[in-house]
Amino acid sequence: MKHQRTLDYILAVARTGSIRKTAERVSLTASALNRKIQDFERELGTEIFERLPGGVRPNAAGELLLRHIRDQATDFERVRSQIADLSGIRRGHVAIACSQTFANHFMPEEVARYRARFPQVSFEVRISDHREAVAALNAHDVDLALVLQPPVEPSFKVLLACAQPLCVMMAIDHPLAGTGPVRLRDCLRFSLILPDQSTTGRHLFDLAMRRVVSDANVVAVSNSFEFVRNYLLREPLLGFQVMSGLPPLMERKGLGLAFREIHVRDAPAATLALGQLRGRSLPIASAKFAEQIQISINERFMTGITVP
């Protein structure tokens with residue numbers, strides 16, 4: 001722990017890319033902070049930052065050191081969680097990145113359920129697309145990522161994955177409301193409100209449209225799932241969402257909405273994946289939360305398992 005404060009300063013400088021900005025945040029002068037870093041570099045026997053006209057950036061040695069600092073912080077959190085477990089009190093912090101699909105229902109329910117058992121565990125939940133989520137894992141900013149259509153990334157270790165069908169949403173009094181899968185051609189007889197291009201639901205819809213000859217009458221587009229759901233109650237349109245983004249069954253009825261799967265012949269399924277950084281030992285609180293999420297996914301979303 002001899003250099004712990006200096007290591008914290010180095011990590012902060014790497015994040016900001018500026019000794020001056022970091023010095024202001026930690027209540028030091030820029031020259032004092034620079035001396036601390038230079039003293040550390042002399043003891044280490046090599047420079048760790050490239051000094052540039054507009055700031056600094058880690059060199060190869062610096063990148064190795066930053067990886068060590070992050071690993072050390074992770075290991076310390078894991079040991080602290082283990083020590084807390086010895087006394088029967090589960091403490092800790094869970095940082096998770098998830099797709100917008102899980103932000104409205106699934107993730108709030110899971111966090112609340114976990115904290116009901118372990119109220120001394122704190123959470124950070126980041127809403128990110130799949131690329132941002134994996135980048136946050138690589139930077140050790142989060143412990144877990146729950147995403148749709150995970151990128152092919154060697155550092156992303158899949159803990160659980162399953163297929164998620166595309167669903168069509170409508171008001172409960174819509175002519176297409178019913179049960180069982182529905183063909184896309186039947187949906188195209190009605191006007192549509194679509195998620196925007198940034199969403200997995202839109203990606204799946206566009207792939208499905210390549211297989212049909214009909215055109216879609218799209219009257220509105222939004223990047224907000226809540227806007228789409230609420231608008232469906234005001235005009236007899238159809239919307240689209242991946243199954244895991246749908247409200248729980250009882251809540252759907254209360255909202256006045258109905259949902260049906262698009263037939264598997266018409267639309268490809270998305271891949272839901274829970275993952276962590278490969279080679280990283282998770283803190284106990286995060287590992288336990290990952291176990292809970294896997295159980296919930298098995299119970300609610302397992303329509304077809306994909307191979308991790």
Side-chain angles (χ1 to χ4, degrees), residues 4 7-17 21-22 25-26 66-85 89-151 153 155-160 198 200 223-226 244-245 272-297:
Q4 187 58 53
L7 293 176
D8 291 340
Y9 291 154
I10 289 170
L11 187 58
V13 169
R15 285 173 175 163
T16 63
K21 290 180 181 178
T22 303
R25 295 180 183 181
V26 300
L66 290 170
R67 189 178 308 161
H68 166 74
I69 296 171
R70 290 166 179 150
D71 288 344
Q72 185 182 57
T74 299
D75 289 343
F76 180 74
E77 179 62 27
R78 179 166 52 85
V79 170
R80 188 168 67 173
S81 296
Q82 290 171 336
I83 292 172
D85 273 359
I89 302 173
R90 178 120 337 114
R91 302 176 185 270
H93 180 73
V94 179
I96 182 168
C98 70
S99 300
Q100 183 190 162
T101 297
F102 308 103
N104 292 322
H105 303 282
F106 182 77
M107 194 55 63
E109 292 170 6
E110 293 302 313
V111 171
R113 188 153 67 92
Y114 190 89
R115 280 188 37 78
R117 296 166 58 207
F118 310 116
Q120 297 186 71
V121 173
S122 60
F123 277 81
E124 177 188 355
V125 179
R126 295 189 179 191
I127 308 306
S128 311
D129 67 25
H130 53 206
R131 294 182 181 85
E132 293 170 342
V134 173
L137 283 177
N138 286 326
H140 288 235
D141 290 336
V142 298
D143 309 314
L144 300 165
L146 181 63
V147 295
L148 293 169
Q149 304 295 74
E153 173 68 56
S155 64
F156 185 67
K157 178 183 178 182
V158 177
L159 302 175
L160 181 69
S198 68
T200 300
N223 67 346
S224 168
F225 296 145
E226 288 302 308
S244 49
L272 178 160
L274 172 68
Q276 69 169 88
L277 185 64
R278 189 176 302 279
R280 181 181 178 187
S281 297
L282 291 176
I284 287 179
S286 299
K288 294 293 185 184
F289 187 59
E291 292 174 4
Q292 175 185 301
I293 289 180
Q294 290 178 73
I295 292 171
S296 295
I297 290 173

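All residue numbers in this chain count up from 1 along the given sequence.
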Rounded to the nearest 0.5 Å, how far apart are [atom1] of [X] and [atom2] of [Y]?
{"X": "L272", "Y": "F106", "atom1": "CG", "atom2": "CZ", "result": "7.5 Å"}
{"X": "E109", "Y": "F102", "atom1": "CD", "atom2": "CZ", "result": "12.5 Å"}
{"X": "T22", "Y": "D8", "atom1": "OG1", "atom2": "CG", "result": "12.0 Å"}
{"X": "I10", "Y": "R15", "atom1": "CD1", "atom2": "CZ", "result": "13.0 Å"}
{"X": "Q276", "Y": "S155", "atom1": "CD", "atom2": "OG", "result": "11.0 Å"}
{"X": "R126", "Y": "L144", "atom1": "CZ", "atom2": "CG", "result": "13.0 Å"}

Measure the shortest side-chain to side-chain distance between [X] and [Y] over non-hydrogen atoms and say whether it is less than 4.5 angstrom.
{"X": "C98", "Y": "I127", "answer": "yes"}
{"X": "L274", "Y": "L146", "answer": "yes"}
{"X": "V121", "Y": "F289", "answer": "no"}
{"X": "L137", "Y": "E153", "answer": "no"}
{"X": "S296", "Y": "R113", "answer": "yes"}
{"X": "I293", "Y": "L159", "answer": "no"}
{"X": "L282", "Y": "L277", "answer": "no"}
{"X": "H130", "Y": "V134", "answer": "no"}

| said: Is it the case that atom CZ in R278 sees more than 12 heavy atoms from other parts of the structure closer than 6.0 Å? | reply: yes
| query | Just wondering, more than 12 heavy atoms not from R131 lying within 6.0 Å of its CZ? | reply | no
| When you check the side-chain N and O atoms of T101 and S244, is any donor under 3.5 Å from an acceptor? | no
| Is a side-chain donor-acceptor pair under 3.5 Å present for R25 with T16? | no
| field | Candidate list K288, R70, R280, test salt bridge (charged side-chain N to carboxylate O under 4.0 Å, His left out), partner D143, passing option | value | R280
| Which heavy atom of F156 sits nearest a heavy atom of A145, and at what distance? | CE1-CB, 4.1 Å
| Minimum heavy-atom separation for A133 to V147, with atom names? | CB-CG1, 3.6 Å
| query | Given V125 and I96, is the side-chain contact (heavy atoms from CB on, under 4.5 Å) satisfied, shown in steps? | reply | CA-CA 5 Å; V125 179; I96 182 168; 4.0 Å; yes
| message | Set out, in order, the CA-CA distance, both residues' side-chain angles and the distance that settles side-chain hydrogen bond (donor to acceptor under 3.5 Å, both in side chains) for E226 and S224, then state yes or no. | response | CA-CA 5 Å; E226 288 302 308; S224 168; over 6 Å; no
| task | Let me know which of Q292, H105, R115 forms a side chain to side chain donor-acceptor pair (under 3.5 Å) with E110. | result | Q292
